[in-house]
Participant: 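Structure in C-alpha cells, see below.
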Amino acid sequence: MAQEAQRIPVAMGHIEGVPLLGSTCDAWDSIYNFQARGDDILITGFPKSGTTWMQEIVDLILQEGDAQKGRRAPTYIKVPCIELIPPKPRPIGVELAQTMKSPRVLKTHLPINLLPPSFWEKNVKAVYVARNAKDCMVSYYYFHKMNKMLPPPRNLENFFSAFLSGDVPWGSWFDHVIGWWKAMDKHQILFIFYEDMIEDPMREIRKVMKFLGKDLSDEVLENIKYHTSFQAMKENPMTNFSTVPNAVLEQTISPFIRKGTVGDWRNHFTVAQNIIFDEEYKKKMEGSGLNFRTEL
Ligand SMILES: Nc1ncnc2c1ncn2[C@@H]1O[C@H](COP(=O)(O)OS(=O)(=O)O)[C@@H](OP(=O)(O)O)[C@H]1O
C-alpha cells in the first residue's frame with residue numbers, strides 16, 4: 001500500500017475517444033505515420049491477452065527454435081511496441097523499429113481504427129491474441145498495481161467498472177476484439193485464443209508457423225513449446241521483464257509472468273459482479289460471432 005501511495009500520477013489522453021497514455025498521445029503523429037514494411041509481422045491484442053507469449057513463439061519460429069538466439073535481447077527490444085514511450089534510457093517503440101533489420105516483429109495494443117494505415121497499405125500479416133474478458137480484466141488489474149507507467153487502481157471494484165465501460169488504457173476490450181475480428185475479412189489476420197494456447201500449445205504454435213509460411217519439424221516445434229512455456233518464460237530474464245527496473249515494474253507487488261491460467265477471475269469476482277459482467281457482456285457481444293471460453 002505504501003509503495004503504491006508513492007506513485008507519481010500518470011497523465012492520460014484520448015485519441016478518437018480511446019483512452020491512451022498521455023505520452024502516446026503526445027507522440028501520436030509519429031506513431032500514426034509509422035512506416036510498416038511488407039515483411040513485418042505484427043503481434044496484437046488487448047493488453048494482457050498473452051501477446052508477450054506470442055512474441056516469443058513468433059520469434060522462435062523465425063529463429064527455427066534456436067533458444068540461444070531467442071535470448072539475444074529482452075522481448076520488448078526484439079519486438080518493440082510501436083505506441084509505447086517507455087521511460088529513458090529505453091528507446092521509444094517507433095524509433096527502435098526504424099533501426100531494425102527485416103523481417104521485423106512488431107507489437108501493438110492499438111484498437112484497429114487507430115492502427116497506422118501503412119500496415120494495411122503494405123498488407124502486413126498480423127497475429128491477434130484474444131483472451132476472455134474476465135481473465136483479461138484480472139490480469140490487467142494486477143498490471144496496473146505493479147506498472148508505474150499506468151494509473152494506479154483504487155481497488156478491484158473500481159477497476160471492474162472502469163474496464164467494463166472501456167475507461168482503461170487502450171479502451172474497450174469489447175470494441176478491441178470485435179474490431180480486429182471483423183477485420184479478418186479484409187486483411188491477413190490470424191486470430192488465436194489464449195485459452196486454446198493453454199489447452200494445446202503445439203496445435204496453436206503449428207497454426208502460427210503455417211500462417212507465417214514456415215515448415216519446421218516436430219522436434220523444433222517441441223523445443224519452441226518448451227522454451228515458451230509459462231515456467232520457462234518466468235525463469236528467463238529476457239522474457240520475465242526482470243531487466244526493467246523496479247522503479248517502473250514493481251514485480252514484488254505482482255510478477256509480470258503472473259499466473260498464466262484460464263479462470264483466475266473465479267478467485268476475484270463476487271457473485272454480484274459476475275452477474276453484472278455477464279449481462280453487459282451479452283449486450284456488447286451479441287451477434288459478434290465471437291465465442292470465448294472462461295474456463296477449460
Ligand atoms: N508462456 C506463458 N504461458 C501462459 N501465460 C503467459 C505466458 N507468458 C505470459 N503469460 C501471461 O500473459 C499475460 C500477459 O499478457 P500480455 O503479454 O499481453 O501483457 S502486456 O499487455 O503485453 O503487458 C499474463 O497473464 P496473467 O498471469 O493472468 O496475469 C501472463 O502471465
Side-chain angles (χ1 to χ4, degrees), residues 20-21 24 42-60 67 70 74-84 86 90 93 105-111 127-150 153 156 159 163 168-171 173 176-177 180 192-202 204-205 208 223-242 244 248-251 253-269 294-296:
L20 292 172
L21 298 180
T24 297
L42 183 65
I43 294 170
T44 165
F46 192 80
K48 310 322 283 182
S49 298
T51 47
T52 310
W53 189 6
M54 186 57 74
Q55 284 163 225
E56 286 304 299
I57 290 173
V58 168
D59 183 52
L60 278 182
T75 189
Y76 54 84
I77 299 289
K78 289 187 301 183
V79 183
C81 179
I82 55 162
E83 71 273 21
L84 210 63
R90 256 172 76 184
V105 186
L106 307 171
K107 166 171 177 163
T108 184
H109 291 304
L110 289 171
V127 182
Y128 187 88
V129 191
R131 186 181 195 184
N132 82 77
K134 292 179 181 180
D135 284 330
C136 224
M137 186 221 274
V138 170
S139 178
Y140 210 10
Y141 170 67
Y142 281 100
F143 197 47
H144 274 71
K145 279 164 73 88
M146 61 85 83
N147 183 349
K148 294 169 190 171
M149 284 166 64
L150 296 175
L156 182 58
F159 192 78
F163 185 97
V168 290
W170 285 275
W173 177 94
H176 206 284
V177 293
W180 279 92
I192 296 277
F193 291 90
Y194 179 89
E195 294 74 25
D196 291 348
M197 290 168 74
I198 293 281
E199 183 180 64
D200 189 344
M202 269 298 266
E204 302 308 305
I205 293 170
V208 178
N223 203 33
I224 294 175
K225 177 184 144 190
Y226 173 77
H227 287 288
T228 58
S229 68
F230 181 82
Q231 207 47 42
M233 283 185 57
K234 196 172 175 68
E235 285 162 16
N236 178 355
M238 295 298 129
T239 55
N240 65 15
F241 284 75
S242 56
V244 175
V248 182
L249 296 182
E250 184 61 75
Q251 301 222 31
I253 294 176
S254 177
F256 183 89
I257 308 284
R258 190 185 63 94
K259 208 157 182 183
T261 57
V262 180
D264 190 33
W265 62 272
R266 284 208 174 276
N267 302 316
H268 296 83
F269 281 31
T294 53
E295 46 208 334
L296 291 180

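Side chains are part of it too, since the values below use all heavy atoms of this structure and drop only hydrogens, waters and symmetry mates. The first residue in the sequence is number 1, and the count goes up from there. For ligands, and for the atoms within them, numbers begin at 1 and follow the listed sequence.
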Participant: Please identify each residue that fulfils side chain to side chain donor-acceptor pair (under 3.5 Å) with Tyr141, with sequence neighbours left out.
Facilitator: none
Participant: Check the orientation of Tyr76 and Phe241. Use parallel for under 30°, tilted for 30 to 60°, and perpendicular for over 60°.
Facilitator: tilted
Participant: Kindly assign one of parallel, tilted or perpendicular to the pair Tyr128 and His176, based on the angle between their ring planes and the thresholds 30° and 60°.
Facilitator: tilted
Participant: Give the residues near ligand 1 by chain and number, with the criterion being a heavy-atom distance under 4.0 Å.
Facilitator: Pro47, Lys48, Ser49, Gly50, Thr51, Thr52, Trp53, Lys107, His109, Arg131, Ser139, Phe143, Tyr194, Ile198, Thr228, Ser229, Phe230, Met233, Phe256, Ile257, Arg258, Lys259, Gly260
Participant: Could you check whether Glu56 pairs with Lys78 (Lys NZ or Arg NE/NH1/NH2 to Asp/Glu carboxylate O, under 4.0 Å)?
Facilitator: yes
Participant: Who pairs with Lys48 by side chain to side chain donor-acceptor pair (under 3.5 Å), at least two apart in sequence or on another chain?
Facilitator: none
Participant: Sequence neighbours excluded, which residues qualify as side chain to side chain donor-acceptor pair (under 3.5 Å) partners of Asn132?
Facilitator: Asp135, Glu195
